[in-house]
Each structure stands twice: as structure tokens, then as C-alpha cells.
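Here is the structure we will look at.
In the text below, chain A, chain B and the rest are named by the order of the sequence lines, each starting its count at 1.
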2 protein chains.
Amino acid sequence: MATIQDVAKKAGLSRTTVSRVINEHPYVTEEKKRLVTQAMQELNYVPNSSARRLRRQQTETIAVYVPRITNPFFSHLVEVMEKEAAKKGYQLILCQTRYKKEQERNFLELLKTKQVDGLILTSIENDWSEFEPYLSFGPIVVCNEYSDSAQVPSVYLNQIEGSYLGTKHLIDQGYTKIGYCTGNHKSSRVSKDRKIGFLKALDDAGIMMKEEWFFYNAYSVQDGFAAFKKLSELADRPQAVFTGSDEVAAGIAKAAFDAGWRVPEDLAIIGFDNQPLAALMDLTTVEQPIDTIAKQAMNLMVEAIQAKKPLRRKEVILPFQLIKRSST
Amino acid sequence: MATIQDVAKKAGLSRTTVSRVINEHPYVTEEKKRLVTQAMQELNYVPNSSARRLRRQQTETIAVYVPRITNPFFSHLVEVMEKEAAKKGYQLILCQTRYKKEQERNFLELLKTKQVDGLILTSIENDWSEFEPYLSFGPIVVCNEYSDSAQVPSVYLNQIEGSYLGTKHLIDQGYTKIGYCTGNHKSSRVSKDRKIGFLKALDDAGIMMKEEWFFYNAYSVQDGFAAFKKLSELADRPQAVFTGSDEVAAGIAKAAFDAGWRVPEDLAIIGFDNQPLAALMDLTTVEQPIDTIAKQAMNLMVEAIQAKKPLRRKEVILPFQLIKRSST
DNA sequence: TCTGATTATGAAAACGATTTCATGAATTCG
DNA sequence: CGAATTCATGAAATCGTTTTCATAATCAGA
């Protein structure tokens with residue numbers, strides 16, 4: 001492996017000059033520049049990034065936290081982030097927290113040990129106080145999820161509005177008995193706000209909710225199956241159900257179909273996200289502008305890294321959009 | 001930021017001893033060990049990984065190539081790989097090639113500049129000769145995709161068998177006019193072998209194929225829609241269609257349903273992968289043991305890194321499984 | 001022509017760890 | 001008891017860059 005020293009020797013110059021050429025610093029004559037370039041080529045030289053990282057004190061790498069990459073919402077988020085990061089010369093390290101507090105904390109070492117320049121969180125399990133001390137090691141940006149106590153840039157949508165929009169739609173369709181089927185992580189502000197928006201829509205319309213119409217811990221298609229089973233066994237059943245993701249909605253729709261129910265006549269269902277899956281299953285859904293929040297979060301991160309000073313909170317208020325299909 | 005020097009000073013010892021404690025080397029008395037540990041704690045010290053990388057000449061990071069992380073097949077692969085890597089103390093850098101030759105080549109610099117210890121390829125666009133020269137910089141392991149000229153470990157399934165299995169199933173159901181709808185990348189051995197297996201099954205049964213029953217460049221649900229459109233406009237239409245992924249199969253199924261066709265009576269459809277989507281849409285499909293190949297590939301990679309010598313080719317012959325549902 | 005800025009280059013320090021080598025103390029062994 | 005191991009520690013070299021500092025040469029302006 002050729003080093004900068006080898007190049008210098010071959011070109012008959014000093015390390016310094018070679019370094020200048022590599023980093024495009026001024027004050028190098030065309031003549032020497034040519035010599036260096038040629039030597040680099042002949043030796044097939046390429047700078048060692050560990051050495052560069054050490055000296056420069058930066059890694060050009062960003063860690064992204066997601067619960068699981070197979071969740072389409074998060075893989076979409078990551079796809080856009082990676083694209084955006086690559087454009088700016090940054091790499092992404094993928095951290096799957098699996099909704100586990102400990103996993104989440106473990107990955108924090110990446111920042112502390114200077115393996116990454118910054119952290120983007122798309123989901124939060126731990127209390128913010130766990131993250132706080134790490135801020136001195138590098139910027140943290142929150143995307144999608146949010147926390148009141150987090151004094152960092154957070155790019156997120158007003159989920160109260162989102163769920164209100166979806167629920168209002170159900171109400172407008174004439175349903176008065178509406179179920180609620182979502183993840184509901186205690187630590188998740190998204191969860192909380194979705195519920196607030198849901199209840200607000202009900203309240204505004206003067207509609208009652210029953211405790212047994214809440215179905216929690218639903219993330220996947222499988223969970224949707226299970227939710228339907230519980231729902232179908234109730235004596236007093238909801239006519240419609242609001243869900244936290246298209247996966248869950250799809251699971252419910254499928255289970256309902258298999259049970260011989262008609263959608264939406266026997267049960268109306270609304271999803272969330274507008275994944276390809278929603279189109280496939282003809283699900284009405286609340287669309288989130290994933291591309292936009294992912295891009296903005298990544299841009300804020302790169303900005304924070306390059307400015308070397310933490311940024312402040314930030315709300316991105318983007319419109320949700322209701323995509324009306326045949327499930328409601 | 002505290003350095004190892006600071007810890008040494010505080011503990012009244014040398015850097016060497018501190019390093020020994022950190023790396024759990026023998027020949028340190030309990031007494032000093034305690035002193036060091038305490039000093040580290042008090043200073044909130046943690047080793048700088050850039051420095052360590054430089055000295056150790058290894059990064060504990062692995063790059064994984066995928067076309068797009070939103071493709072469920074690949075996100076599943078990556079999920080398992082990340083989990084496995086984390087277990088062994090390695091991180092994953094996500095590289096989305098977007099099926100672009102140039103993107104793929106760009107990411108190769110990661111290996112050359114020592115930003116990662118090794119590369120796992122799950123899809124290959126470029127000719128193997130492009131990768132060959134990089135082997136001197138670190139191990140490369142191929143997973144899922146494969147190439148005859150690649151003299152590296154490749155964990156893959158015999159796709160000829162897989163598509164044969166699926167096609168045979170269609171034939172056994174009595175269909176004699178069978179369409180073929182897949183991605184078909186020129187550079188992809190998977191594509192080629194799938195086609196070989198498909199044709200072999202037809203051949204073994206003495207069944208004819210028509211040129212117009214081939215539909216290529218189909219990867220997504222959307223592509224499935226498009227394929228159905230073309231298919232439905234044919235004068236002589238296939239009775240069944242073999243697809244390269246559950247997404248495509250789902251797209252065709254949905255489009256067929258929307259057009260008022262009955263599945264499988266008017267058109268039988270078989271998917272590939274057995275994603276949750278397949279269960280959802282009641283698609284018969286050929287299951288691939290994704291978890292197993294992902295795990296094996298990652299294990300081979302870690303082995304190669306730690307053994308510091310390249311491994312040889314490797315075929316993993318695992319059984320495909322036919323999951324029979326109502327679409328055939 | 002002298003002064004001060006600008007241009008061009010290299011020697012050496014710095015980044016923060018790990019590893020090699022040297023050395024002395026303690027222990028084992030014949 | 002002397003020799004050979006083993007244990008315990010630290011000084012200094014090393015990994016491969018970038019950056020600072022010093023210096024010489026060239027150029028512009030008075």
C-alpha cells in the first residue's frame with residue numbers, strides 16, 4: 001500500500017506538497033501538481049481515510065437510527081437519506097434499535113468514540129436525558145419522531161393534524177363507532193399525538209369512544225390479523241378503524257376479507273403513510289411527505305456538522321394528504 | 001476530550017499500561033487495573049476510534065451493496081446482516097447502487113481508502129473484472145447474486161432450481177400457456193438462471209413458449225400493473241404467469257382484479273420470495289431462505305476479515321420451498 | 001532600490017491510539 | 001543458589017495523514 005510518503009519520494013517533493021495537491025490547496029505550481037498527480041497514478045495511491053479522520057477529527061459518516069429496516073416507512077426514510085448523504089460525500093451507518101432501549105443506547109458509543117460525525121434519530125425509545133450528554137460529541141437531529149425536551153433540530157410533522165385528518169374523514173363518511181389500532185410506544189411523541197388528534201376529531205364531532213376499541217402494539221401485517229381477530233370477537237363492534245400504518249391496515253383488511261366481511265360496508269379501514277401497499281390493497285390512507293422530511297433532516301445534519309455548532313429546534317409543518325380509496 | 005495520555009497521567013501510569021487495560025492484555029496487576037478503570041471513569045474517557053483504526057489498520061465496518069433499500073427482499077437481507085454484524089462488533093455502511101454501474105464503482109473507494117474492512121455484494125451490475133483489482137484491499141463476499149468469474153466466497157441459491165420449482169408447479173396445475181415476468185438484468189446471474197430453470201421446466205414438459213409472453217424490467221408493484229396491461233392486450237394470452245418477485249406478482253394480481261379477472265381462473269400468478277405481501281395477497285410463491293443466506297454471508301465476511309486471508313468460492317445449496325396459496 | 005506582500009516549498013509537530021523493545025522484579029526449577 | 005522463565009511496566013516507535021511554522025523566492029509599490 002503506497003503512502004503519501006511514497007508519492008512524495010517518487011515525485012521528488014515533500015509530503016506537504018503532495019497533501020496540498022490532494023486537498024486542492026493554493027500555492028502549488030502547475031508543474032509540481034502534474035508531478036504529484038502522475039506519481040499518485042503510477043503508485044495507484046489513495047489517501048488512507050483512517051489517518052485523515054484522525055488528523056481532521058471528522059469521519060464523514062452519519063449514523064441513522066431506525067427500529068427495523070424492513071419496516072417500509074423507515075426503509076423509505078433511509079433510502080432518501082442515503083441518497084442525500086451520498087450526494088454530499090457522507091456515508092450512512094445503519095443502526096437498528098429493534099425498539100429496544102438498550103440497543104439504542106449501545107449505538108450512542110458510535111458518536112462518543114468518534115466513529116460518526118452525527119446521529120439522526122427516526123425513533124426514540126429512551127428518555128431524552130439519555131441522549132443529552134452525548135450532544136457534546138456531535139450533533140443529533142431528530143426526524144419523524146420528536147420530543148419536547150430535546151433541544152436539537154427536529155424535523156417532523158404535526159401528527160395531531162394527520163390523525164385528525166384521517167379520523168375526520170371517517171366521521172364525514174358517516175361512521176360513529178370508530179376503532180383505533182396503532183403502535184403506541186410510551187416514549188413516542190408520534191404515538192401520543194396521533195391519539196390526541198384522533199380523540200380530538202371524535203370530540204369535535206361529539207362522538208363517543210369505547211375502551212375496548214383501542215388496539216395497541218400493532219406494527220405489522222401480522223399484528224393487523226391479530227387486531228382483526230380481537231375486534232371481530234367484540235359484542236359491540238366498531239364500524240370503522242383508524243390505523244397507524246398501511247401494514248396494519250392491510251392486515252386488518254385481509255383478515256376481514258378472509259372472514260367474509262365486506263370492506264368498507266362491514267368495516268371501513270384507513271391506513272397511514274401511503275405506501276405502495278396501500279394502493280395495492282385499495283386502502284384509503286393519510287400520506288406523509290417522507291421524502292421531504294428525510295431530505296430536510298439530512299441537510300440539517302450536514303449543515304450542523306459543517307457549521308460545527310449545534311442548531312436549534314425546528315418544526316417542519318408540511319401538509320398531510322388524504323388519499324381516498326375504496327376502503328372507506 | 002480526554003485522551004489516553006490524560007488517563008495515564010491521572011492514574012500515575014504510562015499510556016502503555018492504560019492501553020493494556022483497555023484491550024484486556026495480560027500482565028497488569030489488579031491494583032493498576034483498578035486505578036486505570038477509575039481514572040477512565042472520572043474523565044469519562046473513551047478511546048478514539050479513528051486513532052485505533054489507524055494503528056490497527058482495521059475499521060470494524062463492512063459495506064453492504066444493495067440496489068435499493070426499499071426493495072423488501074434487500075431490506076430483509078440487510079436487516080439480518082446488520083443484526084449479525086452487530087453481534088460480532090461490526091457496523092454496516094449502506095450502499096445503494098440503484099442498479100447503476102457507476103454508483104457501484106464509486107462505492108468501491110470505501111474499500112480502497114480503508115473506510116471499511118470488506119464488501120458484501122447483494123447485486124452486481126459491473127463486470128467482475130471491475131471488482132477484481134480491489135480484492136487486494138480487503139475481502140469481498142457475494143450474497144444472493146453470483147458470478148462465475150468471481151473468485152470469492154459467494155453464498156447463493158441455485159436459482160435454476162427455484163424457478164424450475166415454481167414453473168413446474170404451474171405446469172402441474174394444468175397450465176400450458178405460461179408467461180414470464182421478471183427483472184432480467186444482463187449482468188445478473190440470478191436473472192439468467194431463473195430463466196434457464198423456467199425454460200427447462202417448460203421443456204421437460206414439452207410445453208411451448210411465445211416470445212410475446214416475456215415481460216422484462218419488472219421490479220415493483222407498479223411494474224406489475226404495466227405488465228398486466230401489456231399482457232391483457234395480447235390476442236393470445238398466457239393462462240398463468242411466473243414472476244421474479246412478490247411485488248410484481250402482487251401488482252399483476254391487483255391489476256387483474258381491477259380489470260374484473262378472476263385469479264387463478266382467468267390468470268394464475270406465482271410470486272417469488274414469500275414476503276409478507278405474498279401472504280396478504282394470497283399469492284402462491286417460491287420461498288427463499290433469506291435469513292440463512294444473509295447470516296452465512298456475514299459470517300463468512302467476518303471470518304475472512306479476521307483470518308486476513310481470502311476465502312474461496314462457496315455455494316450454499318439450500319432448499320427453496322413452494323408456498324401454495326390461492327393464486328394458482 | 002528597498003520594503004512589504006504574495007507565492008511556493010519543506011521540516012517538523014500533531015492527531016490518539018497500539019505495539020515493539022528494553023528492563024527490572026518476582027517466581028520457578030534443577 | 002544460580003539460571004531460566006514469567007510477570008509487570010514504561011519509553012519510544014509507529015500508523016498515514018494534515019497543519020503549523022519557517023524560509024526562500026518572486027513580485028508590486030513607493
Side-chain angles (χ1 to χ4, degrees), chain A residues 1-37 39-40 43-61 109-117 137-138 308, chain B residues 1-37 39-40 43-61 109-117 137-138 308:
Chain A
M1 280 291 300
T3 73
I4 198 171
Q5 183 67 279
D6 303 331
V7 176
K9 192 179 290 175
K10 177 146 219 154
L13 294 164
S14 72
R15 292 208 292 284
T16 316
T17 305
V18 177
S19 173
R20 286 214 180 86
V21 174
I22 295 170
N23 297 289
E24 296 178 318
H25 285 173
Y27 305 151
V28 184
T29 53
E30 284 305 318
E31 164 66 0
K32 317 262 157 161
K33 206 176 281 181
R34 205 183 46 67
L35 278 170
V36 169
T37 316
M40 292 205 293
L43 292 170
N44 198 16
Y45 167 81
V46 59
N48 177 306
S49 81
S50 300
R52 185 186 282 226
R53 281 174 177 222
L54 173 58
R55 182 61 236 221
R56 286 254 192 92
Q57 302 284 56
Q58 49 169 294
T59 67
E60 260 132 41
T61 306
E109 294 304 304
L110 289 176
L111 192 59
K112 202 170 173 185
T113 61
K114 276 270 162 282
Q115 309 215 40
V116 299
D117 290 338
F137 301 109
K308 298 198 174 185
Chain B
M1 281 291 300
T3 73
I4 197 171
Q5 185 65 282
D6 302 331
V7 176
K9 191 179 290 175
K10 179 146 218 154
L13 294 163
S14 71
R15 290 209 292 286
T16 316
T17 306
V18 177
S19 172
R20 286 213 181 86
V21 174
I22 295 170
N23 297 289
E24 296 179 318
H25 285 173
Y27 306 151
V28 184
T29 55
E30 283 307 317
E31 164 67 2
K32 316 262 158 162
K33 208 177 280 180
R34 206 184 45 68
L35 277 170
V36 170
T37 316
M40 292 204 296
L43 292 171
N44 199 16
Y45 168 82
V46 60
N48 177 306
S49 81
S50 300
R52 186 186 282 227
R53 283 174 176 223
L54 173 58
R55 183 60 237 222
R56 287 253 192 93
Q57 301 283 54
Q58 49 169 292
T59 66
E60 259 132 41
T61 306
E109 293 305 304
L110 289 176
L111 191 59
K112 202 169 173 187
T113 60
K114 276 271 162 283
Q115 309 215 40
V116 299
D117 290 338
F137 301 110
K308 297 198 173 183

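Counting heavy atoms from C-beta on, the side chains of B:Arg53 and A:Thr59 never come closer than 4.5 Å. Looking at B:Arg15 and B:Thr3, their side chains never come closer than 4.5 Å, going by heavy atoms from C-beta outward. Looking only at side-chain heavy atoms (C-beta outward), B:Leu13 and B:Val21 stay at 4.5 Å or farther from each other. Between B:Thr17 and B:Ser14, the closest side-chain pair of non-hydrogen atoms falls below 4.5 Å.
Map B:Ala51 and B:Thr17 each onto its nearest nucleotide of DNA chain D; the residue landing nearer the 5' end is B:Thr17.
Contact footprint of chain A on DNA chain D: nucleotides with an atom under 4.0 Å from a non-hydrogen protein atom, first to last in 5' to 3' order, D:dG16 to D:dT20.
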| task | Check the pair A:Ile22 / A:Met40 against side-chain contact (heavy atoms from CB on, under 4.5 Å), numbers first and verdict last. | result | CA-CA 10 Å; A:Ile22 295 170; A:Met40 292 205 293; 3.9 Å; yes
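If you check every strand for non-hydrogen atoms under 4.0 Å, B:Thr16 touches a base. Backbone-only contact: B:Thr29 has heavy atoms under 4.0 Å from sugar-phosphate atoms and none from a base. Counting any heavy atom pair closer than 4.0 Å across all strands shown, B:Arg20 reaches a base atom. Counting non-hydrogen atoms under 4.0 angstrom, A:Thr3 reaches the backbone sugars and phosphates but no base. Here B:Val21 lies out of heavy-atom contact (under 4.0 Å) with every strand. Residue-level contact check: A:Arg15 touches the bases, meaning some heavy atom is under 4.0 Å from a base atom.
Spacing between atom CD of A:Gln115 and atom P of C:dA17 amounts to 13 Å, rounded to whole angstrom units. Atom pair A:Lys9:NZ and C:dG10:P shows a separation of 15 Å (rounding to whole Å applied). One atom, CZ of A:Arg55, and another, P of C:dA12, lie 16 Å apart when rounded to the nearest Å. Across the protein-nucleic acid pair, A:Leu35 atom CG and C:dT9 atom C1' stand 13 Å apart, rounded to whole Å. Between the CG atom of A:Leu54 and the P atom of C:dT18 there is a distance of 12 Å, rounded to whole Å. B:Asp6 places its CG atom 11 Å from the P atom of C:dC15, with the value rounded to the nearest Å. As a whole-Å value, the separation of B:Leu13 CG from C:dT18 P is 15 Å. Taking atom CZ of residue A:Arg56 and atom P of nucleotide C:dA17, one finds them 20 Å apart after rounding to whole Å.
You won't find any donor-acceptor pair under 3.5 Å spanning the side chain of B:Ser50 and the base of C:dA17, going by distance alone.
Residue A:Tyr27 places at least one side-chain N or O under 4.0 Å from the OP1 or OP2 atom of C:dT7. The shortest distance between the side-chain N/O atoms of B:Gln5 and the OP1/OP2 oxygens of C:dC15 is not below 4.0 Å. The side chain of B:Asn48 contributes no N or O atom lying less than 4.0 Å from OP1 or OP2 of C:dC15. Taking 4.0 angstrom as the limit, A:Ser14 places none of its side-chain polar atoms (N or O) nearer than this to OP1 or OP2 of C:dT9.
The nearest pair of heavy atoms linking B:Arg56 to B:Asn23 is NH2-OD1, 2.8 Å. When all heavy atoms of B:Gln115 and B:Thr61 are compared, the pair lying nearest together is O-CB, 3.9 Å. B:Lys114 and A:Ser49 get closest at one heavy-atom pair: O-OG, 3.6 Å.
With values rounded to the nearest 0.5 angstrom, A:Leu54 atom CG is found 13.0 Å from B:Arg52 atom CZ.
With A:Thr113 contributing its side chain and A:Glu109 its backbone, the two residues share a donor-acceptor pair below 3.5 Å.
Comparing the end axes of the helix from C:dT1-D:dA30 to C:dG30-D:dC1, each fitted to five base pairs by superposing C1' atoms of four pairs onto the next four, gives an inter-axis angle of 30° (nearest 10 degrees).
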